[in-house]
Asks: 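Encoded as structure tokens, here's the structure I'll be asking about.
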Amino acid sequence: MEKQYRLKKNRAFQYVYRRGHSVACRDLVMLCAKGRELKVGFSVSKKVGNAVTRNKVKRRLRECFRPYLGDVKTGLYVIVARPSAAEATFQSLQRDIRYLLKKQAALKEGNRAE
RNA sequence: CGAGGUGAACAGGCGGUUGCGUGGCGCGAGCCAUGAGGAAAGUCCGGGCACCACAGAGCAAGGGUGCCGGCUAACGGCCGGCGGAGGCGACUCCAGGGAGAGUGCAACAGAAAGAAACCGCCAGGCUUCCUUCACGGAGCCAGGUAAGGAUGGAAAGGCGAGGUAAGAGCUCACCCGCGGGACUGGUAACUUUCCCGCGCUGUAAACCCCACCCGGUGCAAGAUGCAGGGGGCCAGACGGCUGCUCGCCGCAGUCCCCCGGGAUCGCUGGAGCCAUCCGGUGACGGAUGGCCUGGAUAGAUGACCGCCCAAUACAGAACCCGGCUUAUGGUCACGCUCGCGCG
RNA sequence: GGCUCCGUUGUCUAGAGGCCUAGGACGCCGCCCUCUCAAGGCGGAAACACGGGUUCGAAUCCCGUCGGAGCUG
């Protein structure tokens, strides 16, 4: 996932937290706000675990989101990991991302049928 | 065989597909190289570096350290000794100066907590009892005495003999402890032996005294500017208030300052790592040769597999080094210890 | 990243070497009162974050872990 797609500044996160629409499942929360560009940010708090497990969760989430970069509508996305995400496997995180994107109706029309 | 002790290295490796950071090459698609730890952690110490203050050092406050010698850039670290404590032992641990400067504290218990006479013991005087004296008993008075006594963590060195009215280091022998001096060994801490004096409670991780060390803030330090903001200046091309002059405002010019938003630098080659040899008991030092080994900025190592395999645990750089402490997996070495069994 | 502070019953707290077997308030449990509940009265359970050290003796002093707040940005 390249730099241009990343959500960076804290104020941008705050904007998404205020204005975004949220959907959730057991391990993750996804917030989405409208925007001209596609930006994705990940938030993994200290409640999830120590630095090693936080990094691992973040890397897995980035890898899960990567295949959808071309298929997702533009906007600002923030994905928050809940503490239970530390125990989740890569496959279950993949299922959660797919489920949340569908629930958010964020996929472009052409890929809906897939 | 079991239970320990000490020390050391390692922290999976190789190969695919795909993805990320940095560097190089290329117009470009892309290709090549490289990419977390022994603790990166806690932030407990010591430095480098940067800015501020003082630009001389001293004093005060506050904080820290505390046997001796050495190592080191420095340290509260390390090495080697000394002393003490623990353990059958290998060995381990110790904030290990000063209580012969002063102040404080020592609950409860106990007569009494460095100050002592409650009980007891003892000779004396007076009264009294036993028919009287003596001996003896009881009471009172004013004394002597720390040998004995509930206690306590701790009770005024210990034991024996002499001595005494009763006693007491009051005296003596031996032992113990403390201080001083001389001597042996040692650079020193300390120690061997002897002499003299003393018998003093514990506590300084209570205040304190003594010796030594420490200016403060920390890379989000700091530097350069871009956007922006503020102020001054002159006279002028321009616009507006107005048709003209003066005046004012804006814009432009130039100088200075601020700079929180953004950018670049700081940013990684260093008290560096490896090998051999030499000096040293050792920490470590020296010489020679070789090597280049993260630099991100919402923060780079992931996903799916195959083989070897016991291959897992603790755990992720954020300016950089030297330590300490804590977390943690299995492995190895020992001409280290103890116990059991067999020969 | 850096700095500062704090951990005592379920909650808020008192404590400053021995008086602590740790006190108080709210809450909880039981009994009394009442036709019942509330209020009231009586009684009870319940804590020094953890591990070492100093001391005769530690919630208190020292060291190290663990946890939680706050400041800076």
Side-chain angles (χ1 to χ4, degrees):
Chain A
M1 172 130 39
E2 292 166 12
K3 266 187 185 173
Q4 63 185 97
Y5 298 120
R6 284 189 211 145
L7 192 56
K8 292 189 176 180
K9 304 308 291 183
N10 192 23
R11 305 186 61 168
F13 274 80
Q14 295 301 323
Y15 175 81
V16 176
Y17 283 137
R18 264 202 321 277
R19 300 289 182 81
H21 176 246
S22 77
V23 292
C25 64
R26 193 171 63 87
D27 296 333
L28 300 174
V29 178
M30 177 185 285
L31 291 99
C32 174
K34 290 179 182 175
R36 206 168 298 162
E37 302 176 305
L38 175 59
K39 296 273 190 186
V40 187
F42 300 93
S43 171
V44 182
S45 83
K46 274 195 173 176
K47 290 177 187 173
V48 176
N50 58 18
V52 175
T53 61
R54 289 204 305 273
N55 264 335
K56 191 163 191 115
V57 167
K58 234 185 292 181
R59 285 166 187 156
R60 281 177 167 172
L61 287 176
R62 271 203 295 271
E63 179 63 23
C64 290
F65 202 91
R66 194 176 57 83
Y68 299 101
L69 277 177
D71 304 334
V72 166
K73 294 179 185 172
T74 62
L76 305 178
Y77 295 84
V78 171
I79 294 169
V80 181
R82 288 177 164 168
S84 58
E87 279 83 30
T89 64
F90 180 75
Q91 284 82 9
S92 91
L93 289 178
Q94 261 180 326
R95 280 198 301 274
D96 289 343
I97 291 284
R98 171 185 290 271
Y99 167 75
L100 290 175
L101 283 173
K102 280 186 179 172
K103 197 172 179 182
Q104 191 74 261
L107 295 174
K108 290 178 183 170
E109 291 298 320
N111 299 80
R112 262 279 172 79
E114 179 257 338

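What you see is a predicted model; the values in this text were computed from it and never measured. Just so it is clear: chains get the letters A, B, ... in the order the sequence lines come, proteins before strands, and each one is counted from 1.
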Asks: Could you tell me whether R60(A) and E63(A) have a side-chain N and a carboxylate O separated by less than 4.0 Å?
Replies: no
Asks: Relative to the 5' end of RNA chain B, which residue comes earlier, R60(A) or G41(A), by the nucleotide with the nearest heavy atom?
Replies: G41(A)
Asks: Pairing check on rC219(B): which nucleotide meets the Watson-Crick or G-U wobble criteria with it, both distances under 3.5 Å?
Replies: none
Asks: Between the protein and nucleotides 314-316 of chain B, list the N/O to N/O atom pairs that are separated by less than 3.5 angstrom.
Replies:
| residue | atom | partner | partner atom | Å |
| --- | --- | --- | --- | --- |
| rG316(B) | OP2 | A51(A) | N | 3.4 |
| rG316(B) | N7 | N55(A) | ND2 | 3.4 |
| rG316(B) | O6 | R59(A) | NH1 | 3.0 |

Asks: Rounded to whole angstrom units, what separation is found between the CD atom of E63(A) and the P atom of rA303(B)?
Replies: 8 Å
Asks: Tell me the closest heavy-atom pair linking Y99(A) and A24(A), and the distance in Å.
Replies: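 That would be CE2-O, 4.4 Å.
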Asks: By side chain to side chain contact (heavy atoms under 4.5 Å, CB included), which residues pair with K58(A), not counting sequence neighbours?
Replies: F42(A), V44(A), N55(A), R62(A)
Asks: Whole angstroms only, please: what is the OH-P distance between Y68(A) and rG19(B)?
Replies: 17 Å
Asks: What integer distance in Å separates R62(A):CZ from rA298(B):C1'?
Replies: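 Rounding to the nearest Å, CZ of R62(A) and C1' of rA298(B) are 9 Å apart.
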Asks: Tell me which nucleotide, if any, is Watson-Crick or G-U wobble paired with rG30(C) when both distances must be under 3.5 Å.
Replies: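 In the structure as shown, rG30(C) has rC42(C) as its Watson-Crick or wobble partner.
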Asks: Quick one: look up who rG110(B) pairs with, Watson-Crick or G-U, both distances under 3.5 Å, and put none if it's unpaired.
Replies: none
Asks: Listed in order of residue number, which residues of residues 83-92 of chain A have a non-hydrogen atom at under 4.0 Å from RNA chain B?
Replies: F90(A), Q91(A)
Asks: Enter the distance from Q104(A):CD to K73(A):NZ here, rounded to the nearest 0.5 Å.
Replies: 9.5 Å
Asks: Could you check which nucleotide pairs with rA327(B) in any of the strands shown, counting Watson-Crick or G-U wobble with both distances under 3.5 Å?
Replies: none
Asks: For the pair made of CG in L61(A) and C1' in rC20(B), what is the distance, rounded to whole Å?
Replies: 15 Å
Asks: Any strand counts, and the cut-off is 3.5 Å on both contacts for Watson-Crick or G-U wobble. Which nucleotide pairs with rG153(B)?
Replies: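 Per the H-bond distance test, none.
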Asks: Is there a Watson-Crick or G-U wobble partner for rA59(C) with both distances under 3.5 Å, and which nucleotide is it?
Replies: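 Result: none.
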Asks: Under 3.5 Å, which donor-acceptor pairs link side chains of residues 80-91 of chain A to any protein atom two or more places apart or in another chain?
Replies:
| residue | atom | partner | partner atom | Å |
| --- | --- | --- | --- | --- |
| R82(A) | NH1 | C25(A) | O | 2.7 |
| S84(A) | OG | R26(A) | O | 3.3 |
| S84(A) | OG | D27(A) | OD1 | 2.6 |
| T89(A) | OG1 | S92(A) | N | 3.3 |

Asks: Can you list the steps and then say if H21(A) with V23(A) is a side chain to side chain contact (heavy atoms under 4.5 Å, CB included)?
Replies: CA-CA 7 Å; H21(A) 176 246; V23(A) 292; 4.1 Å; yes
Asks: Could you tell me how far rA211(B) sits from rG180(B) if I compare only their C1' atoms? Round to whole Å.
Replies: 23 Å
Asks: Among residues at least two apart in sequence or on other chains, which ones pass side chain to side chain donor-acceptor pair (under 3.5 Å) with Q94(A)?
Replies: none
Asks: Would you check, one step at a time, whether the test side chain to side chain contact (heavy atoms under 4.5 Å, CB included) holds for F65(A) with I79(A)?
Replies: CA-CA 10 Å; F65(A) 202 91; I79(A) 294 169; 3.6 Å; yes
Asks: How long is the line joining CZ of R54(A) and C1' of rA298(B), in whole Å?
Replies: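 Those two atoms, CZ and C1', are 12 Å apart.
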Asks: What heavy-atom pair brings G20(A) and A33(A) nearest, and what distance separates the two atoms?
Replies: CA-CB, 4.1 Å
Asks: State the pairing partner of rC170(B); accept Watson-Crick or G-U wobble contacts with both distances under 3.5 Å, and report none otherwise.
Replies: rG162(B)
Asks: State the pairing partner of rU288(B); accept Watson-Crick or G-U wobble contacts with both distances under 3.5 Å, and report none otherwise.
Replies: rA275(B)
Asks: What residues, two or more places apart in sequence or in another chain, satisfy side chain to side chain donor-acceptor pair (under 3.5 Å) together with T74(A)?
Replies: none
Asks: Between rA161(B) and rC140(B), how many Å separate the two P atoms, rounded to a whole number?
Replies: 36 Å
